[in-house]
Amino acid sequence: MEIIIQPDADAAADMAARIFANLIISKPDAVLGLATGSTPLPLYRKLIAAGLDWSGITTFNLDEYIGIGPDHPQSYHAFMQGNLFSQVNIKPGNIHIPDGMASDPEAHCRAYEEKIRQAGGIDLQLLGIGTDGHIGFNEPTSSLASRTRIKTLTERTRSDNARFFGGSGEVPFHVITMGIGTILQTRKVLLLATGKNKARAVAGAVEGPVTSMNPASALQLHPSALVCLDEDAASELTRCDYYRWVFDNKPSWQKI
Ligand code: GLP
């Protein structure tokens, strides 16, 4: 894992935007894995402002709530449309988000995996992290080999996400999410985390044991995982001096 610590959330988003922009420019037909939540919002704003060409880009989102349609304001379809897709020239046919209204969700999950495969796999997967270490909606105790499937949210995640729904009673119980195995198969992952409330989950993911109790710790098994943090999210890591030293002394061909 490569840990990049930036002074604040805006600088962390800048770094992540640079990594995404570099890929979109160098590989105009890249396949991106995208995420929702508050954390990626500044990154999406920066990518929009960069005026990049998205006409050849394909995207796969990590997850969606079951039982709410794409027009529901809290659906991840609506989130992505409002915060990114409506403001770049991506082709609607190149956008993939799990369908929370699929009549046969299990068949839909299998088909989603197949579409990722047919697209040639995901070049760069963006991830946030839940306060319990979840990635996508892979809650603690998710199989580290899991593929896209239906999951039941924990009470903690439902209450963390209640702020968007006007009370946790409205947050769906079930979701479709790419699995941890699906995420581990992507060519590169970029986990972006900001804020003190993520510090414990980040420390467990980076410096703790690989355990399904902290699903993000599975990224230790990924051959190319970048973890981009602000100071607050990095505040419970014990090896920050080393991470900073590695970043400051990158050989020129590895500079971001
Ligand atoms: C949701 C999403 C995750 C996201 C997490 C953290 O549960 N399914 O992909 O990482 O929220 O969100 P936030 O960035 O708002 O803290």
Side-chain angles (χ1 to χ4, degrees), residues 8-10 12-13 16-17 32-46 59-68 72-80 82-84 96-100 109 112 122 124-142 146 148-166 168 170-180 182-184 186 189-202 204-206 214-219 225-230 232-235:
D8 55 35
D10 190 61
L32 307 181
L34 298 179
T36 52
S38 316
T39 312
L41 286 173
L43 159 65
Y44 291 153
R45 283 196 288 272
K46 288 170 196 290
T59 63
F60 286 89
N61 263 77
L62 284 166
D63 46 16
E64 180 58 287
Y65 294 107
I66 289 184
I68 63 177
H72 188 291
Q74 300 315 331
S75 71
Y76 285 166
H77 278 76
F79 175 98
M80 291 307 300
N83 292 303
L84 180 65
H96 304 88
I97 305 176
D99 180 0
C109 292
Y112 200 70
I122 293 172
L124 175 59
Q125 175 66 55
L126 176 66
L127 297 172
I129 186 169
T131 56
D132 58 4
H134 73 248
I135 47 176
F137 268 134
N138 293 285
E139 296 282 30
T141 71
S142 287
S146 51
T148 303
R149 70 210 184 293
I150 300 159
K151 284 293 290 180
T152 306
L153 296 181
T154 60
E155 268 319 298
R156 181 164 174 190
T157 298
R158 290 186 70 249
S159 82
D160 281 351
N161 290 359
R163 66 191 193 278
F164 300 112
F165 283 84
S168 71
E170 302 296 317
V171 183
F173 285 89
H174 297 107
V175 295
I176 293 176
T177 181
M178 275 187 207
I180 297 176
T182 318
I183 292 167
L184 290 179
T186 62
V189 297
L190 169 56
L191 186 145
L192 180 63
T194 55
K196 268 252 176 322
N197 63 330
K198 301 295 174 69
R200 176 148 303 182
V202 165
V206 174
N214 181 332
S217 68
L219 299 177
L226 275 174
V227 178
C228 188
L229 307 170
D230 68 353
D232 283 342
S235 59

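One-based numbering, in listed order, for ligands and for the atoms of each.
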Please tell me whether [X] and [Y] have a donor and an acceptor in their side chains that are separated by less than 3.5 angstrom.
X	Y	result
Thr131	Arg200	no
Thr157	His134	yes
Tyr65	Asn161	yes

* Asked: Looking only at atom types and distance, does a side-chain atom of Asp230 sit under 3.5 Å from a main-chain N or O of Asp10, one as donor and one as acceptor?
  -> no
* **Lys198 side chain vs Ile129 backbone, donor-acceptor pair below 3.5 Å** => yes
Between the protein and ligand 1, are there any N or O atom pairs that come within less than 3.5 Å of each other, and if so, what are their names and distances?
| from | atom 1 | to | atom 2 | distance (Å) |
| --- | --- | --- | --- | --- |
| ligand 1 | 7 (O) | His134 | NE2 | 2.8 |
| ligand 1 | 7 (O) | Asn161 | ND2 | 3.4 |
| ligand 1 | 8 (N) | Asp63 | OD2 | 2.8 |
| ligand 1 | 8 (N) | Gly136 | O | 3.2 |
| ligand 1 | 10 (O) | Ile129 | N | 3.3 |
| ligand 1 | 14 (O) | Ser38 | N | 3.3 |
| ligand 1 | 14 (O) | Thr39 | N | 3.0 |
| ligand 1 | 14 (O) | Thr39 | OG1 | 2.4 |
| ligand 1 | 15 (O) | Ser38 | N | 2.7 |
| ligand 1 | 15 (O) | Ser38 | OG | 3.1 |
| ligand 1 | 15 (O) | Arg163 | NH2 | 3.0 |
| ligand 1 | 16 (O) | Lys198 | NZ | 2.6 |

* To do: Take Tyr112 and Phe60 through the ring-ring contact (aromatic ring centres under 6.0 Å, His included) test and state the conclusion after the steps.
  => CA-CA 9 Å; Tyr112 200 70; Phe60 286 89; 5.7 Å; yes
